[in-house]
Protein chains: 2
Amino acid sequence: MLDSVDAAIVRELQNDARISNKDLASKVNLAPSTCLERVRSLKARGVLRGFHADVDLGSLGRPLLAFIAVRIRPHTREVVDPFIAYTLKLPETVALSHVAGPDDFLVQVAVRDAAHLQRLLLDGFTSRREVAHLQTHLIFSHVHKWATEPYGPYGLE
Amino acid sequence: MLDSVDAAIVRELQNDARISNKDLASKVNLAPSTCLERVRSLKARGVLRGFHADVDLGSLGRPLLAFIAVRIRPHTREVVDPFIAYTLKLPETVALSHVAGPDDFLVQVAVRDAAHLQRLLLDGFTSRREVAHLQTHLIFSHVHKWATEPYGPYGLE
DNA sequence: AATGAAAATACATAATG
DNA sequence: CATTATGTATTTTCATT
């Protein structure tokens, strides 16, 4: 359960995680000491899970993004869990979703170029016995909305 | 072009964007003053694009995630650009990818429950004239790997 | 829960090697 | 780029409300 002050703190930290506690306090109309307590509590309650730099992937030598839709067979825990662990260990993997539907997983990857993507597909995915089907969607552009607002009054959840 | 020190700074800030400059400097074996300069330069060069809190969406009243694959028609700039602007304004939208393939867009949304998702699909998407086809993939689980490592030596890019 | 004040840290900058 | 020095600002704790 978030009150309106918590919601304001969460909003500000979604937009700028490196804001100083003093400036944050001033934005949400709290004394710095109170603000610090609120932030600690939000972390302790698991509302704030972490703080991360958003990095230009091109600068990291990975300018090309793609989704890889993967069907695995059999779709049992014995196969699913190791597949997830394996995929998350790949340095190309940026995000992994286990989804409902014809496809089982959507893997978002960041690579240097098309040749790198091809190698990843062949050596990293189709070579695995549990991978039954692959479909690749090149990403022309990708926008992440870093700040999600609470649903309902103040996210009474 | 990142050297190994830049790469280390970027890695640390991807893992913890709220680390103090002093602690960051110590982790990457720099003097604080030098470290501060490095971080500023990385921001100025666009390598570090921003810093964001990772928030538990359930706590915001949005525990259900889905991908919505959208085909729009015609796929012209006159239609594409307003569609992107519209979709990014929806409070349910978390991320939007313009992709190659049969589907034109993958929209990641966060909603309260299945009823909310249904309303979003009907009122937010299928009601629009340019939306030719929709396919929804419920997300069972989603993992974002916040730290992407450079490709090659130090991401010589 | 929130506050203000004190004590401990950290930041920002400049000068020097 | 590291170190040092300096003044300023922030963070953090804690007694009080």
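First the proteins, then the strands, lettered A, B, ... as listed; each starts at 1. Small disclaimer: the values here were computed from a predicted structure and weren't measured.
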For a quick check, with a 4.0 angstrom heavy-atom cut-off, what is the B/S/- contact string for nucleotides 2-14 of chain C, read 5' to 3'? SBB-----SSSB-
Tell me, yes or no, whether the heavy-atom count around B:R73 atom CZ, taken from other residues, nucleotides or ligands under 6.0 Å, exceeds 12. no
Could you go through A:D16 and A:K27, starting from their C-alpha distance and side-chain angles, then the distance that decides it, and tell me whether this counts as salt bridge (charged side-chain N to carboxylate O under 4.0 Å, His left out)? CA-CA 12 Å; A:D16 178 12; A:K27 284 213 181 201; over 6 Å; no
Any cation-pi pair here, B:R128 with B:Y86, using under 6.0 Å and within 45°? yes
Just by distance, no angles: are the side chains of A:H137 and B:D103 close enough, under 3.5 Å, to form a donor-acceptor pair? no
Tell me if a side-chain donor or acceptor on B:R71 pairs with a main-chain N or O of B:Q135 at a distance below 3.5 Å. no
Check for me whether B:R112 meets the cation-pi criterion with A:Y151, that is, NZ or CZ under 6.0 Å from the six-membered ring centre and within 45 degrees of the ring axis. no
Atom CZ of B:F105 and atom NE2 of B:H75: how far apart are they, to the nearest 0.5 Å? 5.0 Å
Rounding to 10°, can you tell me the angle the first-five-pair axis of the helix from C:dA1-D:dT17 to C:dG17-D:dC1 makes with its last-five-pair axis? 30°
